[in-house]
Amino acid sequence: MKINRRGLIAGGLAAIASGTLNGLPLHAASGGRRDGYGAAVTLADLQADVRLRDAVTRYCTQIVPVYELKWPTLRPSAHMFDFEKADALLDFARQNNLTMRGHNLVWYADLPEWTRQISDASSAETALRDHISTVVAHYRGKLTSWDVVNEAIPEFPRKSTERRDSLWLHLLGSNYIRMAFRAVAEVDPDVQLTLNDYDIESVGERFSARRAALRDLVSELLDTGTPLHAVGLQAHLHGELEIDTEGLAKCVAEFRAWGLEVIVTELDVDDQKLAASQAVRDMIVAKRVDDVLSAISSDVPVRSILTWGLSDRYSWINQMFPRGDHLPNRPLPLDADFQPKPFMNVISKFTREAT
Ligand code: G3I
């Protein structure tokens with residue numbers, strides 16, 4: 001369905017004027033903690049900005065570390081583990097009645113320099129198993145879920161210098177994925193094991209190809225008895241692209257039919273290519289979010305929705321996708337002054353007030 005900009009603007013702006021969006025009173029919709037809603041945070045930002053701490057404890061019931069559970073932070077060297085920053089985030093979560101999920105145990109990107117010394121299958125397997133067994137044991141019983149493998153689907157169309165040729169895929173082949181999931185389950189049989197990927201949501205050949213590849217990978221993992229419990233849709237949405245609501249709903253329904261949960265793990269909207277007007281951008285951003293959450297919760301509510309940040313003040317989008325007009329991006333539920341936008345009202349529409 002083409003977005004009717006005029007209709008959207010009229011409807012959206014009228015909603016703001018009337019104080020409602022999708023029939024929800026704006027103030028009520030963006031009020032208290034939402035059960036199952038969470039945001040990605042860094043320890044540094046939380047420590048530096050009391051407004052961020054207050055907003056997280058006001059709106060969220062869970063958090064996920066942006067960086068503190070990744071290899072560069074946890075693994076200063078091949079023989080060292082440093083849990084200090086991730087433990088500090090876990091303490092913040094516990095002190096504020098929040099849960100925390102883990103991100104991520106295995107990724108092609110952002111590996112510390114010393115991993116360049118890993119040059120054969122045996123040492124790659126040892127490094128992978130050593131990392132997983134130590135980290136998962138340290139957090140056993142303390143996290144709700146893990147993004148066990150992040151971004152396993154290759155880029156489409158395949159580029160000559162395929163950036164997915166990661167250390168793990170290169171030295172272990174695609175078996176690294178099964179190996180990782182089994183290794184986590186051996187250490188913590190109770191934590192939710194998630195396969196996390198991106199660009200599954202929008203219209204277009206690239207996105208439908210990625211959806212098909214993810215479906216095939218999930219099917220293969222399940223057919224081989226891999227302990228997989230959930231699919232994480234990162235949902236880094238592109239503001240200028242409509243959501244393939246039909247294709248996404250079909251894909252999600254299939255995952256659920258296979259007994260998997262579907263969660264939203266890194267939701268935000270890149271508004272780089274959208275109009276300058278804040279009101280128009282906010283409406284289109286909210287519409288993209290509403291379309292995704294509607295498509296994946298048409299038959300079953302989504303129990304876990306996390307945005308990749310909470311306030312526009314702290315978003316990777318500002319660095320990675322700056323606007324040509326140099327206006328600040330507006331990718332998240334709260335603006336740079338921590339005020340709720342229509343995006344937050346859509347979150348409220350799909351989550352319940354937490355007691
Ligand atoms: O915290 C350190 C700081 O101490 C140091 O001085 C500074 C300079 O090196 O780096 C800081 O760490 C940065 C970290 O973000 C926290 O801000 C790293 O350099 C930087 O590489 C890291 O980038 C993150 C990136 O993942 C790689 O880990 C982005 O913030 C984060 O938004 C991005 O998130 C990814 C998800 O993990 C997977 N899905 C896509 C998503 C966006 O790319």
Side-chain angles (χ1 to χ4, degrees), residues 70-72 102-112 115-116 118-121 123-125 127-128 131-132 146-184 193-238 240-241 243-244 247-248 250-252 254-255 258 260 262-268 270 292 296 308 316-317 320-321:
K70 289 177 177 171
W71 282 61
H103 172 84
N104 56 63
L105 291 167
V106 185
W107 191 19
Y108 67 86
D110 212 9
L111 287 169
T115 59
R116 291 180 184 279
I118 300 171
S119 57
D120 57 70
S123 47
E125 180 170 350
L128 195 62
H131 183 79
I132 288 175
W146 269 110
D147 287 336
V148 175
V149 173
N150 190 49
E151 303 179 7
I153 303 299
E155 267 300 325
F156 285 93
R158 295 189 73 84
K159 300 188 175 71
S160 55
T161 52
E162 175 53 70
R163 72 177 180 140
R164 286 295 179 285
D165 282 350
S166 73
L167 166 68
W168 313 117
L169 180 66
H170 183 62
L171 292 177
L172 297 171
S174 60
N175 191 47
Y176 84 92
I177 302 170
R178 256 184 302 283
M179 183 188 295
F181 276 91
R182 287 176 177 154
V184 181
L193 307 184
T194 303
L195 178 69
N196 193 45
D197 226 306
Y198 69 99
D199 276 358
I200 306 296
E201 302 84 7
S202 301
V203 295
E205 190 181 336
R206 173 169 175 270
F207 300 89
S208 53
R210 289 186 57 82
R211 248 189 331 268
L214 179 61
R215 178 208 172 280
D216 293 348
L217 172 58
V218 168
S219 175
E220 185 194 334
L221 290 171
L222 295 175
D223 287 349
T224 54
T226 307
L228 170 65
H229 307 140
V231 173
L233 304 182
Q234 291 186 9
H236 290 297
L237 307 180
H238 307 265
E240 74 282 8
L241 297 179
I243 303 304
D244 184 343
L248 181 57
K250 181 172 175 288
C251 180
V252 165
E254 202 161 25
F255 290 153
W258 296 343
L260 299 174
V262 174
I263 61 176
V264 176
T265 55
E266 305 183 17
L267 178 61
D268 55 19
D270 164 17
V292 162
I296 65 176
W308 202 244
W316 70 297
I317 299 278
M320 291 297 281
F321 304 108

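Numbers here simply count residues along the sequence, with the first being 1.
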Quiz item: Under 30°, 30 to 60°, or over 60°: which ring-plane class applies to His236 and Trp308, parallel, tilted or perpendicular?
Solution: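 Answer is perpendicular, since the angle exceeds 60°.
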
Quiz item: Checking Ser219 side chain against Arg215 main chain: does a donor-acceptor pair fall under 3.5 Å?
Solution: no

Nearest 0.5 Å, what's the [atom1]-[atom2] distance between [X] and [Y]?
X      : Y      : atom1 : atom2 : value
Leu233 : Leu214 : CG    : CG    : 7.5 Å
Tyr176 : Leu167 : OH    : CG    : 10.0 Å
Thr115 : Asp110 : OG1   : CG    : 10.0 Å
Leu193 : Phe181 : CG    : CZ    : 6.5 Å

Quiz item: Any luck finding a side-chain donor-acceptor pair between Tyr108 and Glu151 under 3.5 Å?
Solution: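 Their side chains do contain a donor-acceptor pair, which is all the 3.5 Å distance test asks for.
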
Quiz item: Centres of the Phe207 and His238 rings: under 6.0 Å?
Solution: yes

Quiz prompt | Qualifying residue, where the test is side chain to side chain donor-acceptor pair (under 3.5 Å) with Thr265 and the options are Asn196, Asn150, Thr194, Asn104 | solution =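 Filter result, single survivor: Asn196.
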
Self-check item: Heavy-atom pair of closest approach, residues Leu169 and Ser166
Solution: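 In terms of heavy atoms, the two residues are closest at N-OG, 3.1 Å.
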
Exercise. Could you point out which residue of Ile118, Leu172, Leu171 forms a side-chain contact (heavy atoms from CB on, under 4.5 Å) with Glu125?
Key: Leu172

Practice problem: Kindly write out the residues that satisfy ring pair (Phe, Tyr, Trp, His ring centres under 6.0 Å) with His229, not counting sequence neighbours, or none if the list is empty. | Solution: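 So His229 forms no ring pair (Phe, Tyr, Trp, His ring centres under 6.0 Å) with any residue.
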
